[in-house]
Amino acid sequence: MSLGSVPLKYRIDIDRDQCMRCMRCVENCSYGVFRNEEGKLILNSRKCTACHRCISMCPRDAISLKERPVDYRSHSLWTGEAREDIINQSRTGKILLAGMGNAKEYPVIFDRLVLDACQVTNPSIDPLREPMELRTHIGKKPPRLEFKKNEDGDVDLITELAPNLELETPIMIGHMSYGAISLNAQRSIAKAVSKVGTFMGTGEGGLHESIYPYQDNMIVQVASGRFGVDINYLDRGAAIEIKIGQGAKPGIGGHLPGEKVCSDVSCTRMIPLGSDAISPAPHHDIYSIEDLAQLVRGLKEATQWKKPVFVKVAAVHNVAAIAAGIARSSADAVVIDGFRGGTGAAPKVFRDNVGIPIEAAIASVDRKLNEQGIRNEISIIASGGIRNSADIAKSIALGADAVYIGTAALIAMGCRVCGSCYRGLCPWGIATQREDLVKRLDIDSGSRQVANLIHAWTYELSELMGAAGINSIESLRGNRERLRGYMLDEGSLDVLQIKPIGA
Amino acid sequence: MVLDEKVVIDARGIHYTPLNELIRQAVEDGATEIVLKNVLGQRFIADALKADVCIEIYGVPGGDLGMFMSGPVCIVHGNCEHAPGNTMDDGKIIIHGSTGDAAAHSMRGGKIFVRDYIGYRGGIHMKEYDQKKPILVIGKSAHSFLGEYMAGGLIILLGIDQKGPYFERGIGSGIHGGRIVIRGTVDDRYLGVGARKMELNENMLCEIHSLVKEFCNYFNIDDKPLMDNDYTVIGPSSSRPFAGKYTWE
Ligand code: SF4
Ligand code: SF4
């Protein structure tokens, strides 16, 4: 091969003085970095993905990892990555696939927004002593309420209310299908959300029987491939979500490679064993907003108008106009997935270059819906790259009703964002269907950790609100006055509708 | 519960939601046969209906007839709008006329018989699993992209009264499971990406003949001229059509 090999991505080193040759690293590494040859520990760094499983299991802290141990001649344009991608593609002639979300160094708008706090003139609130309302309702809100006096002199509400989901916290877990993640991972999340009083998405992989006990906290997804979708599935969910697009790969479909379709995945998705599960980019019954309305109503009719229906789109340039169309389709919520949204696998060129950041998308959608007087018709759920409670507070202040988290929930179960989910060998038992690996993820601890994370962020959210003198999430929503932009250009400030710091 | 109860509903001027409520109510009351008269464009008829009931429809039902339906038999005396049998689970739809685009979209079980024509992308995404195998039989002809992205099930196109062989483009493009059977010969250039011709074996022929009989029976057509082996079978060239398209980072 005239191209030869490219340098190592990671180098693993063992501190041989520290090492006690317990061989835990050998057992734990599913990628085959470590070998035990007659009591001697042998390494093959080329296989390392930086999943950190060995490092977290080593009793002696004897393992060290270095990224890009071999330098290229430095060049700010022709980075090592750029060179290696070209080498790969000139070898194979194929589309480059990559794992996890957008990895390019775009500035993060969240990190250029600062929140407000009270001083002197308006008192802050201590959430320990005062009630803080974080309960969130997702769904249509009536434009006005009508009442009638009844015979007993009481008033009765006569406005018919649309079904809403009631969340104890504005944090939900986004759609990660069984197939993309393991059943233990899905069950851990399901147990956590039912304990916390929030919701999670099934992804487009159907609903496995062992999730039925948590069905009241499940949002079932309908994607273009219609995998696992039948009336039993629709009936079980608390809400239904139509997936149009995904932030990590706007405009293209998804497919679960045949090797991930094991017998259990195959029966949950209702497809043959080992066949690719292909969801093309468009729904072939949706070519317009009118068609979307047809599917929304078809799903509502199927569940007798008892369940809210969400529509998920990727954040793209004209997302505001799209959301306004969705608001008129009878849908109850629009999910906007920003370009940092995670995924098991996406063509790298899409992952890193298509779509817009979630911060701008939330603000422009909220603004457009307000301008058109239809903000009450639809809730906004934001997702794609939400890393902490501050990101959530900022999302809500920009206009979101609630958020979906994905990668953060995986990290709470062990994931180290190595980005090798597509290999199906996740040593943390998350993005794999290999039985011995799946077993590593204990459902009780997994669910405890995910619940802990949601609790912790909910606490922080109430502290942030209290400090700003706000005692209800409703008063934070779309409250851009409590945000300022730090080192943001005028155009961005205008889109976000916020003032710069000090103003 | 009353058995063998026949209920007649006049659908004139009724919106689809109350119409479906009337149907559900009739089923709950034990109806085994429901006659819908004066249907005019109401969508979603029998949407997600789970029952052992026969629904006779007079008029033109709107889109998504029998969507998510599981069990009922719908007989349409007239034409049908787009996507009858969308994501249908089980049951039958018999159409004495033609339908619009995306008939049998994502259908996963049951049978659809269309006497005349269907629009574009018929049988798109049909998929089978385990005991469930969706079947779509078309009497006359279909527009392009028949059986697109098909992942399972069987489509039979009989070409009744057609002059010459079938000539619509993109047959089975993206197909990765199931079979498309077309009466007569099909020129290779009409096959979609990922589709290829396959051998017609005994089992297949048997299945075709029994479905042809069933079809002819519903529409009072003489089956004799159709009971030979003049059929072209089209299937996927791989169950992993995209396997060779990507390389990992
Ligand atoms: S886990 Fe740590 S101590 Fe055990 S063999 Fe590996 S490097 Fe040595
Ligand atoms: S879930 Fe994916 S990114 Fe996270 S550790 Fe497992 S393989 Fe790596």
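Worth knowing before you read on, the calculation uses all heavy atoms, side chains too, and leaves out hydrogens, waters and symmetry mates.
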Between the side chain of B:K127 and the main-chain N/O of A:G225, is any donor-acceptor distance below 3.5 Å?
yes
Answer yes or no: is there a side-chain heavy-atom contact under 4.5 Å between B:F68 and A:D230?
no
Greater than 12 external heavy atoms within 6.0 Å of B:F167's CZ
no
What part of B:K50 gets closer than 4.5 Å to chain A, counting heavy atoms only: side chain, backbone, both or neither?
side chain
Close side-chain approach of A:R226 to B:N86, heavy-atom, < 4.5 Å:
yes
Roughly how far, to the nearest 0.5 Å, is the CG atom of A:L299 from the CG atom of B:D47?
8.0 Å
Tell me whether the count of non-hydrogen atoms from other residues, nucleotides or ligands lying under 6.0 Å of CZ in A:R68 goes above 12.
yes
What I'd like to find out is whether the side chain of B:T247 reaches to under 4.5 Å of the side chain of A:I95, using heavy atoms alone.
no
dist B:E21:CD -> A:W305:CH2 (nearest 0.5 Å) comes out at 10.5 Å
Report the C-alpha separation of A:E301 and B:M67 in whole Å, then their side-chain angles, then the decisive distance to 0.1 Å, and conclude whether the side-chain contact (heavy atoms from CB on, under 4.5 Å) test is met.
CA-CA 10 Å; A:E301 192 68 23; B:M67 192 179 196; over 6 Å; no
Largest heavy-atom contact set with chain B, pairs under 4.5 Å, which of A:L234, A:D85, A:V222, A:D235
A:L234
Given heavy-atom pairs under 4.5 angstrom as the criterion, report whether the side chain, backbone, both or neither of B:D64 touches chain A.
both
Distance check, rounded to the nearest 0.5 Å: B:Y16 atom OH versus A:R297 atom CZ?
5.0 Å
Rounded distance [0.5 Å steps], CD1 in A:I231 versus CG in B:D90
13.5 Å
With chain A, the option among B:E128, B:R43, B:R24 that has the most non-hydrogen atom pairs under 4.5 Å is B:R24
Where does A:K9 contact chain B at under 4.5 Å (heavy atoms): side chain, backbone, both or neither?
side chain
Just wondering, more than 12 heavy atoms not from B:N201 lying within 6.0 Å of its CG?
yes
Hey, which of B:M88, B:H125, B:R108, B:M69 has the most heavy atom pairs under 4.5 Å with chain A?
B:R108
Of the backbone (N, CA, C, O) and the side chain (C-beta and beyond), which part of A:Y233 lies under 4.5 Å from a heavy atom of chain B, both, or neither?
neither
CG/A:L161: more than 12 non-hydrogen atoms of other groups inside 6.0 Å:
yes
